[in-house]
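So the structure is just underneath, and the comments pick up after that.
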Amino acid sequence: MTEQNMNETHSTLENILEQRKEKIAKIKEMGFEPFPYSYTVTHKSKVVLDNYDELEEKTVSVAGRLMNIRRMGKASFAHLQDAEGRIQLYISKNDIGEESYVMFKLLDIGDIIGVKGIVMKTRTGETTVKATSLTLLTKNIRPLPIVKEKDGVVYDAFTDKELRYRKRYLDLIVNPEVKDTFVKRAAITRATRKFFDDRGYLEVETPILQALYGGANARPFVTHHNSLDQDLYLRIADELYLKRLIVGGFEKVYEFSRNFRNEGMDRSHNPEFTAIEFYEAYVDYFYMMDFVEEYFKAIAELMGSMIVEYRGEKIDFSKPFERKSMADLFTEYLKIDIAAFTEKDFADWYQKNKKEFDPKWNYGQFLDKLFDEYIEPKLIQPTFVIDYPKAISPLAKVDRKGDERFVERFELFICSSEYANAFSELNDPIDQRERLEGQDRLRVEGDDEAQAFDEDFIQAIETGMPPTGGVGIGFDRVIMLFTGQTSIKDVLLFPAMRSEKLS
RNA sequence: GGGUGCGUAGCUCAGUCGGUAGAGCAGCGGCCUUUUAAGCCGUUGGUCGAAGGUUCGAAUCCUUCCGCACUCACCA
């Protein structure tokens, strides 16, 4: 070996990349194609493993990524990983021929190959494909993290969360259980779609780029349309568009809405996330409570158990969900009669309990703060909290029972987190205009999360929206709950991360 | 934004009191036709996250910065 070549045996990443490029050249010289166009796969690994009795001595073609190679001179064992699992390969010089075996010796963990061979069992009883021919399908040049396993114990697991999220493809290759979460996510998405379709709902798509953002209180991402020479916002919610469709005469609509909110990130917030919003004409929030309850029960059933273990709690979906008004909860946990309390009473309560507060808070904000701190942590089993303060619900109808300070709104709490938010939708155009003008005043005064005034939306409501029930469900959180994940990053294939500087 | 912790070879990790960097796997060169964390022999590989500082001497101590995780706050 020349001195030049000696240097190239250094196992820096750069040299490994070079070595593997040289292998590609050698493979080509030998007359093999390192990047062919297709390969005929007859069996997935799982099918071979599950049907050994029928397939024994039969010829199959499998394809996948080499995850492990054990070379023993003139014969070798390897494990091939495809979408559904792994299967062992036995590759011997006698069976595949001198030329192919020399080529095989140039292969690395991470290469993608196709193997045609005979199904057999080894001396130790492992189902194995004994290769009669081997085809390189894609040569790898960048080394994979090496993860080993014995008796279910994983050695050198690829665990660096930053790398796993940034290079999700590596995570998926070497941590197969990660795939399960996303397979389940797809199953829940499919079931959700079926749930709505079966009930006569129409799936719609509304603008993500919006001239005005609304339907929630949040800061938006801003972008610019060049030929219109106009700033546009990425939607924070699709609510105002779905309501326009109800005005237009669709009576049941839903959308999987990717929303964008320019706010903090933590284990339950990602700047882009998925909500399911749905609106149905002629129903109120009581109807929607039943609907949402049925939905969660359907997903629990789909996932195979009405008892879901999450964050150390056993969540029971088999029983009817609790339904408690804000007022009842305040009486129960804080001995506060919110119907009688005024802003001054709340301020006195805070002083008496030596807790910090902002004297500018209004009635709704006092309720909201106290609720978050003292009541939300107690809501473990599925609980509908009903009847919210009007001040924080500008799109909901006033409570029909008569207290002007409250609206017909519910939120569903499970394990201290919010999963759904719903209203008897406000359809009185005069009230709606006043409330959105109020929001706009807050925004002008500096509340950058207050809702912008959308004149066209008001005109739609003026045209006449039937009585309507509407719901938003945090879909990523639903996925988290039913897959046992406690970070939103683990239910998003590519969670938001600060850009890294790549050389 | 605050607090805590982490950042060392491609991966997983050691690194004592401040004394000049280690292991396993992977890689590279050999042996090996039923192995399976294959084995055996040999071997390479480092801007110790970055920049300053203290010191005769820094992976180690100090400062600042960058990134990530956890957490609190904010935020539906």
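Chain identifiers are assigned alphabetically (A, B, ...) following the order of the sequence lines, protein sequences preceding nucleic acid strands; residue numbering begins at 1 within each chain.
In this structure B:A26 sits in no base pair that meets the Watson-Crick or G-U test at under 3.5 Å. Under the Watson-Crick or G-U wobble criterion, with both distances below 3.5 Å, B:A9 is left unpaired in every strand shown. Searching all strands for a Watson-Crick or G-U wobble partner of B:U55 with both distances below 3.5 Å returns nothing. Partner assigned to B:C70 is B:G3, using Watson-Crick or G-U wobble distances below 3.5 angstrom. Across all strands shown, B:A37 remains unpaired; no Watson-Crick or G-U wobble contact has both distances below 3.5 Å. Pairing for B:U16 is absent, judged as Watson-Crick or G-U wobble with the two contacts each under 3.5 Å.
For a distance-only test at 3.5 Å, the side chain of A:N94 qualifies as a donor-acceptor partner of the base of B:U33. Contact annotation: side chain of A:D156 to base of B:G24, donor-acceptor pair present below 3.5 Å. For B:U12, the base has no donor-acceptor partner in the side chain of A:Y155 [N/O atoms by modelled type, under 3.5 angstrom]. Below the 3.5 angstrom threshold, one finds no donor paired with an acceptor across the side chain of A:R123 and the base of B:U34.
Only the C1' atoms considered, B:C31 is 27 Å distant from B:A9, to the nearest whole Å. Separation of the C1' atoms belonging to B:C70 and B:C25 is 29 Å when rounded to the nearest angstrom. Here the separation of B:G45 from B:G24, taken at their C1' atoms, is 15 Å to the nearest Å. Rounded to the nearest Å, the gap between the C1' atom of B:G7 and that of B:G46 is 15 Å. Between B:C68 and B:C32, the two C1' atoms lie 44 Å apart (nearest whole Å). Atom P of B:G52 sits at a distance of 14 Å from the matching atom of B:U60, rounded to the whole Å. B:G27 and B:U4 have their P atoms separated by 42 Å, given to the nearest Å. With P as the reference atom, B:G2 and B:A26 are 44 Å apart, rounded to whole Å.
Among the protein residues, A:A216 comes within range of no part of the nucleic acid, since none of its heavy atoms lies under 4.0 Å from any strand. At the heavy-atom level, A:E418 lies under 4.0 Å from base atoms of the strands shown. Counting any heavy atom pair closer than 4.0 Å across all strands shown, A:N68 reaches sugar-phosphate atoms only and no base atom. Across all strands shown, A:K121 has no heavy atoms under 4.0 Å from either base or sugar-phosphate atoms. Across all strands shown, A:K105 has no heavy atoms under 4.0 Å from either base or sugar-phosphate atoms. Within 4.0 Å (heavy atoms only), A:R261 reaches sugar-phosphate atoms of the nucleic acid but no base atom. Contact annotation for A:T122: base contact, defined as any heavy-atom pair under 4.0 Å involving a base atom. The residue A:R20 sits close only to the backbone: its heavy atoms come under 4.0 Å of sugar-phosphate atoms, none of a base. Here A:K130 lies out of heavy-atom contact (under 4.0 Å) with every strand. Residue A:L163 is in sugar-phosphate contact alone, with no base atom involved, counting any heavy-atom pair closer than 4.0 Å across all strands shown. Counting any heavy atom pair closer than 4.0 Å across all strands shown, A:T159 reaches sugar-phosphate atoms only and no base atom. Using a 4.0 Å heavy-atom distance criterion, A:D151 is classed as making no nucleic acid contact.
Judged by closest nucleotide on RNA chain B, A:I109 is the one of A:I109 and A:R71 placed further toward the 5' end. Annotation: of the two residues near RNA chain B, A:K150 and A:P145, the 5′-most nearest-nucleotide partner is A:P145.
In this structure, A:F221 has its ring center no closer than 6.0 Å to that of A:Y233. Between A:Y363 and A:F366, the ring centre distance reaches or exceeds 6.0 Å. Between A:F423 and A:Y388, the gap from one ring centroid to the other reaches at least 6.0 Å. If you look at A:Y254 and A:F278, their ring centroids are not closer than 6.0 Å.
Taking every side-chain heavy atom of A:A75 into account, B:U33 is the closest of B:U12, B:U33, B:C68. Checking B:C68, B:C74, B:U34 against every side-chain atom of A:K369, the shortest atom distance belongs to B:C74. When the nucleotides B:U33, B:U35, B:A37 are ranked by their closest atom to the side chain of A:Q88, B:U35 comes out on top. When distances run from any side-chain atom of A:K23 to the nucleotides B:C28, B:A69, B:A26, the shortest one goes to B:C28. Nearest to the side-chain atoms of A:Y90 among the listed nucleotides B:U33, B:G45, B:U12 stands B:U33. Taking only side-chain atoms of A:R267, from C-beta outward, the nucleotide of B:C70, B:G10, B:U33 with the closest atom is B:C70.
Look at CZ on A:R219: it is 12 Å from C1' on B:G1, rounded to the nearest Å. Atom CZ in A:F158 sits roughly 14 Å away from atom P in B:A9 (whole-Å rounding). One can place CG of A:D108 at 15 Å from C1' of B:C11, the figure rounded to the nearest angstrom. If you take CG of A:D160 and C1' of B:U8, they are 13 Å apart, rounded to a whole angstrom. Straight-line distance from the CG atom of A:D111 to the C1' atom of B:A26: 13 Å, rounded to whole Å.
Under a cut-off of 6.0 angstrom, the local environment of NZ in A:K130 is sparse, with at most 12 non-hydrogen atoms contributed by other residues, nucleotides or ligands.
Salt-bridge check for A:E98 with A:K93: passed, with a basic side-chain N closer than 4.0 Å to an acidic carboxylate O.
Between A:F77 and A:Q88 there is a side-chain heavy-atom pair separated by less than 4.5 Å.
Residue A:R70 places at least one side-chain N or O under 4.0 Å from the OP1 or OP2 atom of B:A38. Contact annotation: A:K161 side-chain N/O to B:C6 OP1/OP2 distance is not under 4.0 Å. In this structure, A:K148 reaches the B:A38 phosphate: one of its side-chain N or O atoms is under 4.0 Å from OP1 or OP2.
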Quick one: do A:F196 and A:F291 satisfy ring pair (Phe, Tyr, Trp, His ring centres under 6.0 Å)? Show the steps, please. CA-CA 10 Å; A:F196 284 103; A:F291 192 100; 5.7 Å; yes

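The cationic group of A:K121 lies under 6.0 Å from the six-membered ring centre of A:Y52 and within 45° of the ring axis, placing it in a cation-pi geometry.
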